[in-house]
Structure formats: C-alpha cells, structure tokens
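Step one of this worksheet: look at the structure below.
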Number of protein chains: 2
Amino acid sequence: MISRRPTHPGEVLLEDVIKPLNLTITEAARDLGVSRKTLSELVNKKSALSSEMALRIAKATKTSPASWLNMQTKLDLWNALQHEPKNVSEFPHKKAV
Amino acid sequence: MISRRPTHPGEVLLEDVIKPLNLTITEAARDLGVSRKTLSELVNKKSALSSEMALRIAKATKTSPASWLNMQTKLDLWNALQHEPKNVSEFPHKKAV
DNA sequence: AGTATTGACACGTAACGGGTTACAAATTAT
DNA sequence: ATAATTTGTAACCCGTTACGTGTCAATACT
C-alpha cells in the first residue's frame, strides 16, 4: 500500500484546469453540461467522480477519460482500505473432485 | 478506443478462481463474508464489483485489490463510452485576467 | 428418492449522483 | 460604498445500485 490519501479528482480539476483557465465554476459547469451544484460538489470533494463526468471532463479538456477515472478508483480503493472488511476467509486450496 | 467489451470481473472470479478451486457459489460467498445472492449476482454479471468486494476477493485469493477494481473501472468506462454525453463544450483557452 | 446448489424473484434499506430552487456569504466590479 | 456576480450548501425530489433476508422452482449430485 498507499499511505497518503490519493488526490481527489475534483481538486485536480479545479487547481490544474479551471483555475489556470480563469474559468468560474458556473462557466465550467455550463461547458460540461452539468448543473453548477454537481460541479461545485465535485471540486469541493463532496461527491465522487462518476464515469460519465470523467467523459465530460475528458471531452472539455481533450484529455483521457481513463486518467480522470483512475484518480477516483485509486481514491475509492484507499478509502476501502481504511475499513478492511472482516469475516473474510482465504479460499481453501483445491478440493477433491 | 477499446472496441471489445472488457471482461466483467465477476466472470473472471467464477472462471479463474471459483471453478478451478471446485468451490460452490454458496461456499465462496461464505468465505467472502457476503450473501449468496450478492456473489451470485456478481458472477452472473448482474451487478458491478464494488471496492469493498474487491478487497474481500483480494483477501480471499491473496491477490491485489487493484487488479480486481481496475477490471470494473475499465468496464465502467467502456459502458460510459457507449453513450457519449452531449452538450459538452471544450473549455475555452486562457481568458484575460 | 432425497439432498444440495443455483438463479431469480420480492421486499426493504442505505447510499449516492444529479437536478431544481433558494439564500446567505463572499468576491469582484463599478 | 454600492451593485453585480459567484459560490457553497441546504432542502427536496428522483432514479439507480449494492446488499441483506426469505422464498421458490429447476437442476445437479448422491
């Protein structure tokens, strides 16, 4: 494992894309075709990046959707690792047939 | 970009893990600590692989959770690409300050 | 025949992404 | 300072989804 919490994709979108372009959340939301609320919650890390949003961001920024989606996947995994599931037993080795 | 639908992680779990070990769905579900229904739906591709399930499978099979989760992410992306979002405009280039 | 396994169904719960509307606070422009 | 814009967030609605328990008919195994 990863020890440090991976960066939230919404943070990257805000800091590396929206801010450098001098776009407002309102303008960026319009370009992405989503509500201002949806984008606001994303960049404020209140919601996760959906695969559909990954596609929208990719189209608007001419980048790869996978690069955005992978950020979220890494974060999801990190979050899951913080509360490892109990009552899981290792699968037994090959049983007789 | 990807033309063929990526393999569902539940299918891999069934074909490459559960069947080779001669485990039943019922037994495997018990080992994973989930209900039989949950595992059945997963291996029959009726539901997606959650990050928590990825962790459970990883623990039970001593493999990497990321390898399982990435299968689902690839599938999610492929599915999303089948209905590309409209009303998305490319972000304008740097505006004046 | 009798037992085990399976997929599918109903039903319920909790979480979540997303939309609209509204408002107070903060920021920016005039 | 005043006015206009921007922003975060709450309230409320909706649809989707993962997961649990229970049940049942069909199939497979012994």
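In the text below, chain A, chain B and the rest are named by the order of the sequence lines, each starting its count at 1.
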> Nearest to the side chain of Lys46(A) - dG8(D), dT9(D), dA18(D)?
Replying inline: dT9(D)

>> Need to verify one output field. Residue with the more 5' nearest nucleotide on DNA chain D, Ala48(B) or Asn44(A)?
In response: Asn44(A)

> Rounded to whole angstroms, how far apart are CG on Leu42(A) and C1' on dT9(D)?
Replying inline: 15 Å

> How long is the gap from CG on Leu32(B) to CD on Glu52(B), to the nearest 0.5 Å?
Replying inline: 11.0 Å

> Taking only N and O in the side chain of Ser40(A), is any of them less than 4.0 Å away from OP1 or OP2 of dT9(D)?
Replying inline: no

> For Asp76(B) and dT17(D), what is the distance between atoms CG and C1' respectively, to the nearest whole Å?
Replying inline: 12 Å

> Rounded to the nearest Å, what distance is computed from the CD1 atom of residue Ile18(B) to the C1' atom of nucleotide dT5(C)?
Replying inline: 13 Å

> Separation of Leu39(A) atom CG from dG17(C) atom P, in whole Å?
Replying inline: 14 Å

>> At 4.0 Å (heavy atoms only), tell me whether Lys37(A) reaches a base, stays on the sugar-phosphate, or touches nothing.
In response: base

>> Is Thr26(B) close enough to dT6(C) that one of its side-chain N or O atoms is under 4.0 Å from OP1 or OP2 there?
In response: yes

>> Classify Ser35(B) by what it touches in the nucleic acid, base, sugar-phosphate, or nothing, heavy-atom distance under 4.0 Å.
In response: base

> Ignoring hydrogens and angles, are the base of dG20(D) and the side chain of Arg36(B) linked by a donor-acceptor pair under 3.5 Å?
Replying inline: no

> Is any NZ, NE, NH1 or NH2 atom of the basic residue among Lys45(A) and Glu11(A) found under 4.0 Å from an Asp or Glu carboxylate oxygen of the other?
Replying inline: yes

>> Just the rounded figure in Å: distance from P of dG17(C) to NZ of Lys45(A).
In response: 15 Å

> Once you round it to whole Å, what is the distance between P of dT5(D) and CZ of Arg30(A)?
Replying inline: 13 Å

>> Rounded to whole Å, please give me the gap between CD in Gln72(B) and P in dT17(D).
In response: 11 Å

> Given side chains that start at C-beta, do those of Leu14(A) and Asn44(A) come closer than 4.5 Å, heavy atoms only?
Replying inline: no

>> Is it the case that the side chain of Glu41(B) and the backbone of Lys46(B) share a donor-acceptor pair, with hydrogens and angles ignored and the cut-off at 3.5 Å?
In response: no

> Just how far is it from atom CG of Leu23(A) to atom CG of Leu39(A), taken to the nearest 0.5 Å?
Replying inline: 10.0 Å

> NA contact type, Ser50(B), heavy-atom cut-off 4.0 Å: base, sugar-phosphate, or nothing?
Replying inline: sugar-phosphate

>> Of the listed nucleotides (dT6(C), dG17(C), dG19(C)), which one gets closest to any side-chain atom of Val34(A)?
In response: dG19(C)

> For Leu49(A) and dG17(C), what is the distance between atoms CG and C1' respectively, to the nearest whole Å?
Replying inline: 11 Å

